[in-house]
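Remember, it's a predicted structure, so these values are computed and weren't measured experimentally. Below, read A as the first sequence line, B as the second, and so on, with proteins coming before strands; counting in each chain starts at 1.
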There are 2 protein chains.
Amino acid sequence: MERSASVTFRSACPIASGLDVLGDKWSLVVIRDLIVHEQRTYSEFLSAPEGISTNILALRLQQLTDLGLITRVNLNGPHRNNAYRLTDKGAALRPVLEELAKWSQVHLRALHPNILSLD
Amino acid sequence: MERSASVTFRSACPIASGLDVLGDKWSLVVIRDLIVHEQRTYSEFLSAPEGISTNILALRLQQLTDLGLITRVNLNGPHRNNAYRLTDKGAALRPVLEELAKWSQVHLRALHPNILSLD
DNA sequence: CCGCATCCGTTACGATACTG
DNA sequence: CAGTATCGTAACGGATGCGG
């Protein structure tokens with residue numbers, strides 16, 4: 001079943017509009033998991049170290065699906081062991097996450113000494 | 001007066017950590033204004049088309065100052081017509097915003113037909 | 001006036017228990 | 001296993017007040 005994404009955009013600015021869609025603490029973490037792992041199940045998302053709660057995860061998965069950034073992959077039947085993958089639209093966020101990661105590694109280390117260096 | 005930034009990081013992941021600091025709907029909009037305009041006063045921030053409310057703006061300016069991403073510039077006296085500028089740390093976010101803007105221009109146009117193309 | 005701070009209603013988030 | 005229901009808490013948002 002396909003719901004349509006209902007987003008209200010604050011302005012015509014592409015930065016603000018991007019944040020209208022992705023500007024929360026969890027959406028890009030879900031995208032990150034799918035960039036790193038290609039494919040994830042509900043419980044695999046839950047096992048990430050950040051500790052997203054079940055209702056928030058379900059809400060984000062729904063919203064990101066509605067936006068066309070991720071799709072559900074039915075592996076073995078209707079509700080068991082299904083998984084999510086990125087669409088091209090979602091995969092196109094990779095440069096955004098890469099730049100954010102680079103910035104954080106350099107500029108958050110003082111506040112967060114054991115932040116990971118990827119690569 | 002310098003408060004220290006109190007952020008709680010969910011994990012060692014640089015992406016999640018970046019979102020712990022900037023993952024809300026307003027912080028990067030404030031940064032955007034300072035990238036575009038170099039320097040902004042409180043009321044100039046308020047005049048942006050997104051319509052941030054006064055308490056949220058004051059809170060974000062405080063937090064971004066505490067994090068060392070922006071600084072207050074005293075122009076004419078202690079409280080009138082003072083303004084904010086980016087620090088080097090804040091200015092280093094430019095590539096993140098550029099990639100976000102590029103993504104939005106391409107992938108949000110269907111949902112938001114009159115989104116602006118910068119450049 | 002300008003730059004906030006305070007108050008307060010509304011909305012989003014978050015932990016946990018529970019269901020198909 | 002993949003979500004939903006519930007309910008308490010925190011963030012947001014508008015109105016307004018107040019000091020310099």
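- Remark: P of D/dG3 and CD of A/Glu44 are 13 Å apart, rounded to the nearest angstrom.
- Across the protein-nucleic acid pair, A/Asp24 atom CG and D/dA11 atom P stand 14 Å apart, rounded to whole Å.
- Of the possible donor and acceptor atoms, none in the side chain of A/Arg10 sits under 3.5 Å from a partner among the backbone N and O of B/Gly51.
- Sparse packing is recorded around CG of B/Asp88, with 12 or fewer heavy atoms of other residues, nucleotides or ligands lying under 6.0 Å away.
- Note: CD1 (B/Ile52) to P (C/dG3) measures 14 Å, nearest angstrom.
- In this structure, B/Gln62 atom CD and C/dC4 atom P are separated by 9 Å, rounded to whole Å.
- In terms of phosphate contacts, A/Arg72 brings a side-chain nitrogen or oxygen within less than 4.0 Å of OP1 or OP2 of D/dG3.
- Taking atom CG on A/Leu57 and atom P on D/dT4, their separation rounds to 11 Å, with Å as the unit.
- Spacing between atom CG of A/Leu59 and atom P of C/dA15 amounts to 14 Å, rounded to whole angstrom units.
- One can place CD1 of A/Ile56 at 15 Å from P of D/dA10, the figure rounded to the nearest angstrom.
- Taking only side-chain nitrogens and oxygens, A/Tyr84 comes nearer than 4.0 Å to OP1 or OP2 of D/dG3.
- In this structure, the nucleotide among C/dG3, D/dT4, C/dC13 sitting nearest to the side chain of A/Arg60 is C/dC13.
- Computed from C1' positions of five pairs at each end, the angle between the two local axes of the helix from C/dC1-D/dG20 to C/dG20-D/dC1 equals 30°, rounded to 10 degrees.
- In this structure, A/Trp26 reaches the C/dG14 phosphate: one of its side-chain N or O atoms is under 4.0 Å from OP1 or OP2.
- Among the atoms of the strands shown, none is found under 4.0 Å from any heavy atom of B/Phe45.
- If you measure from atom CD of A/Gln63 to atom C1' of C/dA12, you get 10 Å, rounded to the nearest angstrom.
- Side chains of A/Leu86 and A/Arg94 form no contact here, defined as non-hydrogen atoms less than 4.5 Å apart.
- For the pair A/Tyr42/A/Thr54, a side-chain contact is recorded, criterion being any heavy-atom separation below 4.5 Å from C-beta on.
- In terms of modelled atom types and a separation under 3.5 Å, the side chain of A/Thr87 and the main chain of A/Leu69 share a donor-acceptor contact.
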So which protein N/O to nucleotides 5-9 of chain D N/O distances come out below 3.5 Å?
none

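- Two residues are said to be in side-chain contact when any heavy atoms from C-beta on lie closer than 4.5 Å; A/Leu67 and B/Leu111 meet this criterion.
- Nearest heavy-atom pair across B/Ile52 and B/Leu46 is O-CD2, 3.5 Å.
- Phosphate proximity of C/dG3 to B/Ser43: present, with a side-chain N or O under 4.0 Å from OP1 or OP2.
- With no hydrogens or angles considered, no side-chain donor-acceptor pair links A/Gln105 and A/Ser117 at under 3.5 Å.
- Across all non-hydrogen atoms, the minimal contact from B/Gln39 to B/Glu44 is O-OE1, 3.9 Å.
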